[in-house]
Amino acid sequence: MLGLLDDYVTRSGYLISPVVVWAGPVGPAMRRQASEVAQIHVIPLADFDVEPRLLRIPESEFPVIQLPLLGRYLHAPTAAIIYQFCRAGLHGEAVRVAHFEQPVFAWR
């Protein structure tokens, strides 16, 4: 275990406590559980190191975080966790992310 990132409480009431671990180099081809995973993407860490898009919405005083990835946008909570991981792991910066908002569609 290398460390912990910020806890993130989702709009649906879940508490996510990200733990950073080193598991060694990627081994042979990964296999997915088809009933749970549609696709596996192996993405270099550098591709996650992007500037977030922060949006204001009338429903919240906090910004919605989005990360551009694979021609789409990744939303919080995943975007917040990846953003914090990259800022800490690649740049040595301590940033907080628990305040970043999820898009309204995730509130249901």
Side-chain angles (χ1 to χ4, degrees):
M1 185 175 121
L2 300 176
L4 301 171
L5 299 177
D6 284 355
D7 285 345
Y8 190 98
V9 179
T10 68
R11 281 286 182 161
S12 56
Y14 289 94
L15 172 65
I16 300 171
S17 298
V19 178
V20 179
V21 299
W22 173 253
V26 176
M30 292 182 281
R31 293 189 311 237
R32 67 185 176 93
Q33 177 67 35
S35 64
E36 296 182 10
V37 178
Q39 282 183 296
I40 294 174
H41 298 278
V42 178
I43 302 170
L45 185 56
D47 289 0
F48 285 118
D49 189 25
V50 295
E51 283 301 312
R53 183 164 82 166
L54 301 176
L55 306 175
R56 292 286 176 187
I57 58 173
E59 294 86 353
S60 178
E61 64 183 276
F62 301 107
V64 173
I65 185 172
Q66 298 177 329
L67 292 181
L69 183 66
L70 301 175
R72 298 181 176 164
Y73 284 96
L74 188 62
H75 302 278
T78 307
I81 293 167
I82 289 174
Y83 176 68
Q84 185 180 40
F85 176 78
C86 286
R87 298 318 302 171
L90 298 177
H91 302 284
E93 298 174 6
V95 297
R96 305 277 63 101
V97 298
H99 68 285
F100 286 131
E101 186 62 85
Q102 294 178 258
V104 174
F105 70 76
W107 294 20
R108 298 177 186 91

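Keep in mind the model is a prediction, meaning the values are calculated, not measured.
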Any side-chain heavy-atom pair of Met1 and Trp22 under 4.5 Å: no
Please give me the minimum heavy-atom distance between [X] and [Y], naming the atom from each residue.
X: Phe62; Y: His99; answer: CB-O, 3.2 Å
X: Arg31; Y: Ile40; answer: C-CD1, 3.9 Å
X: Val64; Y: Pro103; answer: CG1-N, 4.0 Å
X: Pro77; Y: Ile16; answer: CG-CD1, 3.7 Å

Pairs satisfying side-chain hydrogen bond (donor to acceptor under 3.5 Å, both in side chains), at least one member in residues 37-50, at least two apart: Asp49-His91
Criterion side-chain contact (heavy atoms from CB on, under 4.5 Å) on Gln102 and Thr10, from CA distance to verdict: CA-CA 8 Å; Gln102 294 178 258; Thr10 68; 3.6 Å; yes
As an exercise, state the distance from [atom1] of [X] to [atom2] of [Y], rounded to the nearest 0.5 Å.
X: Tyr8; Y: Asp6; atom1: OH; atom2: CG; answer: 11.0 Å
X: Phe85; Y: Leu2; atom1: CZ; atom2: CG; answer: 8.0 Å
X: Ile81; Y: Phe100; atom1: CD1; atom2: CZ; answer: 12.5 Å
X: Arg53; Y: Leu67; atom1: CZ; atom2: CG; answer: 10.5 Å

Worked verdict on Ile43 versus Leu69 for side-chain contact (heavy atoms from CB on, under 4.5 Å): CA-CA 10 Å; Ile43 302 170; Leu69 183 66; 4.1 Å; yes
Ion pair check, Arg11 and Glu101, cut-off under 4.0 Å: yes
Whichever hydrophobic residues join Leu15 through chains of side-chain contacts under 4.5 Å: Val9
Main-chain N/O of Glu93 paired to Arg87 side chain as donor or acceptor, under 3.5 Å: no
